[in-house]
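For reference, positions follow the sequence shown, starting with 1.
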Amino acid sequence: MEIRDFDVVVVGGGLVGCSFACALAPLGLAVGLVDAGTGSTPLAADPRKLALAAASLNALGRLGVLARLATPPTPIERLHVSREGDFGVLSVAARDVGREAFGGVVLAGDLGSALQQAVAALPGLVSVRGTATAAGVADDGYRALDVHVSPGDPGTAASVQRWRARLVVAADGTHSPLRASAGIGVETHDYGQTLIVTSVRMGAATPGTAYERLTATGPCALLPMAGGRHGALMGVATDEADAVMALDDRAFAEAFQRRAGWRAGAVREVGARSAWPLRRLVATSLVAERLVLVGNAAQTIHPIGAQGFNLGLRDALSLVDVLAETRTSGASDPGAAPVLAAYEDRRGIDRAETLAFSDGLARVTASESPWHRLGRSLGFAAMNLDAGLRAGFVAGAMGFRGRVPTLARDAA
């Protein structure tokens, strides 16, 4: 069996794993990437619409990824949030807080393609298509993986290789095999909701406005996109999801209209639809011996408030900061226990606050309790009246919580 040694091995070639590989490149480490995707462009078919926070746009811009997008991000210049059946609306413009935009909207598939291009251009990166299984931690300070290289990977025959790394970064998704093999537990919750994702054309939407209407079965959102279309997200009860997916375009448009209301006008067109069950999964630890978790392997959260990918990207960027500081200090072992402890500490505030925001908002806004209705309505009124409350909400939405990673910060 061929044996290869690395400083860092990234397992998972999704959005977060590829972003991490790009951000890590300037450190000059020996890096390997195992991509479990199938097909020639596994990320390009992702139909989701992603609201990238301002912090994420900062980072992806500095990494040269945004310049590779087929269509630039559509700016989110105003947020309009309401709750079905409640009084009050939160409407805040970016210009009112001294910004051009809160973030931007991209197709996940377009972002995936841009990241794949960026990864392919990285000098020195060893990347294979395949899967990795844990093979233990050696006494000489390496975590070992058996990498099963897929047949048909360009220039590579099907084989099994032993990869050893000072640090393994698990970016292998919600059901992370590496997390399980390391004995890291998880806390889970099924919201009983399924998110229907599509695109629509609206009759009277304000350009640059992101609409989110909260309901008992999840968010109903409109995200501005290029060409006058909107990314459309609608949460439904899981036991009703198959029936909603089976509706023809006209019937679905009517159902979406009832949920979204008329603030953006009438639904004119509906695109292809996909369904995503909404379940929360949070790892009880972010680290094990010579292993760290990032992205969905660390936490998979409710999409309310569009925090999922943005939080995972900040995981990756924070780890890069810790590794850069380690090298600057003269230390040479990226998987040493102090490095892992520093990463877990670095993610503490941002991760805890984002998890609490996402889960709390999902549960409270789903409640039909009269007390929750009153509380939500008063909350909207308070944020409209109090600039400080609005500022805190906006900062969180833009990804500026806790210690912001270097690449994600605003320009000085």
Side-chain angles (χ1 to χ4, degrees), residues 8-25 31 33-74 103-122 125 127 129 169-176 178-179 195 197 223 225 231 233 274 276 281 292-303 305-320 347 350-351 354 358 399 405 407-408:
V8 179
V9 168
V10 186
V11 179
L15 300 179
V16 171
C18 286
S19 297
F20 175 73
C22 291
L24 190 64
V31 180
L33 172 66
V34 182
D35 179 2
T38 56
S40 58
T41 53
L43 296 181
D46 192 333
R48 294 174 299 162
K49 285 72 180 172
L50 295 180
L52 299 178
S56 298
L57 290 178
N58 288 345
L60 294 170
R62 290 178 178 130
L63 292 174
V65 175
L66 297 184
R68 298 177 182 273
L69 287 172
T71 303
T74 302
V105 182
V106 299
L107 286 171
D110 284 355
L111 179 59
S113 294
L115 280 165
Q116 284 182 324
Q117 295 170 33
V119 165
L122 294 176
L125 177 72
S127 178
R129 188 69 53 81
V169 178
D172 52 345
T174 301
H175 305 293
S176 169
L178 290 181
R179 182 188 64 223
L195 193 69
V197 178
L223 304 175
M225 299 187 68
L233 317 172
S274 60
W276 304 77
L281 183 149
V292 300
L293 308 180
V294 297
N296 283 344
Q299 65 275 315
T300 300
I301 63 177
H302 197 285
Q307 295 294 308
F309 168 69
N310 295 295
L311 179 62
L313 179 60
R314 297 196 298 276
D315 289 342
L317 299 176
S318 296
L319 179 56
V320 170
R347 295 306 298 137
D350 180 21
R351 185 172 185 255
T354 304
S358 169
L407 286 173

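Interatomic distance, Cys22 SG to Gln117 CD, rounded to the nearest 0.5 Å: 10.5 Å. In this structure, the separation between CG on Leu223 and CG on Leu50 is 9.0 Å, given to the nearest 0.5 Å. A distance of 5.5 Å separates CG in Leu317 from CG in Leu407, rounded to the nearest 0.5 Å. Rounding to the nearest 0.5 Å places CG of Leu319 at 7.5 Å from CG of Leu24. Annotation: the span from Cys18 atom SG to Leu33 atom CG amounts to 6.0 Å, rounded to 0.5 Å. To the nearest 0.5 Å, the span separating NZ on Lys49 from CE on Met225 amounts to 6.0 Å.
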**Message:** side chain to side chain donor-acceptor pair (under 3.5 Å), that's the test. Do Asp35 and Gln116 meet it? Break it down for me.
**Reply:** CA-CA 11 Å; Asp35 179 2; Gln116 284 182 324; 4.7 Å; no
**Request:** Applying side chain to side chain contact (heavy atoms under 4.5 Å, CB included), run through Val65 and Leu111 and close with a yes or a no.
**Result:** CA-CA 8 Å; Val65 175; Leu111 179 59; 3.8 Å; yes
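Taking 4.5 Å as the limit, some side-chain heavy atom of Leu60 sits within range of a side-chain heavy atom of Leu52. Counting heavy atoms from C-beta outward, Val197 and Pro47 have side chains that stay 4.5 Å or more apart. Put simply, the side chain of Val9 does not reach to within 4.5 Å of the side chain of Val169, judged on heavy atoms. Looking only at side-chain heavy atoms (C-beta outward), Trp276 and Arg48 come within less than 4.5 Å of each other. Taking the side chain as every heavy atom from C-beta outward, Leu66 and Pro73 approach each other to under 4.5 Å. Contact of the Arg347 side chain with the Arg314 side chain is registered, since non-hydrogen atoms from C-beta on lie closer than 4.5 Å.
Of the listed residues (Leu15, Val8, Leu313), just one forms a side-chain contact (heavy atoms from CB on, under 4.5 Å) with Phe20, and that residue is Val8.
Summarising the geometry of Ser56 relative to Asn310, their closest heavy-atom pair is OG-OD1, 2.6 Å, with the distance given to 0.1 Å. The minimum heavy-atom distance linking Ser358 with Ile301 is given by the pair OG-CB, 3.8 Å. Nearest approach of Leu69 to Ala114, heavy atoms of both residues: CD2-CB, 3.9 Å. Of all heavy-atom pairs between Leu122 and Ala21, the closest is CD1-O, 3.7 Å. Heavy atoms only, all atoms of each residue included: Ala171 and Val294 are closest at CB-CG2, 3.7 Å.
Remark: the backbone N or O of Ala408 is paired with a side-chain donor or acceptor of Asn58 at under 3.5 angstrom.
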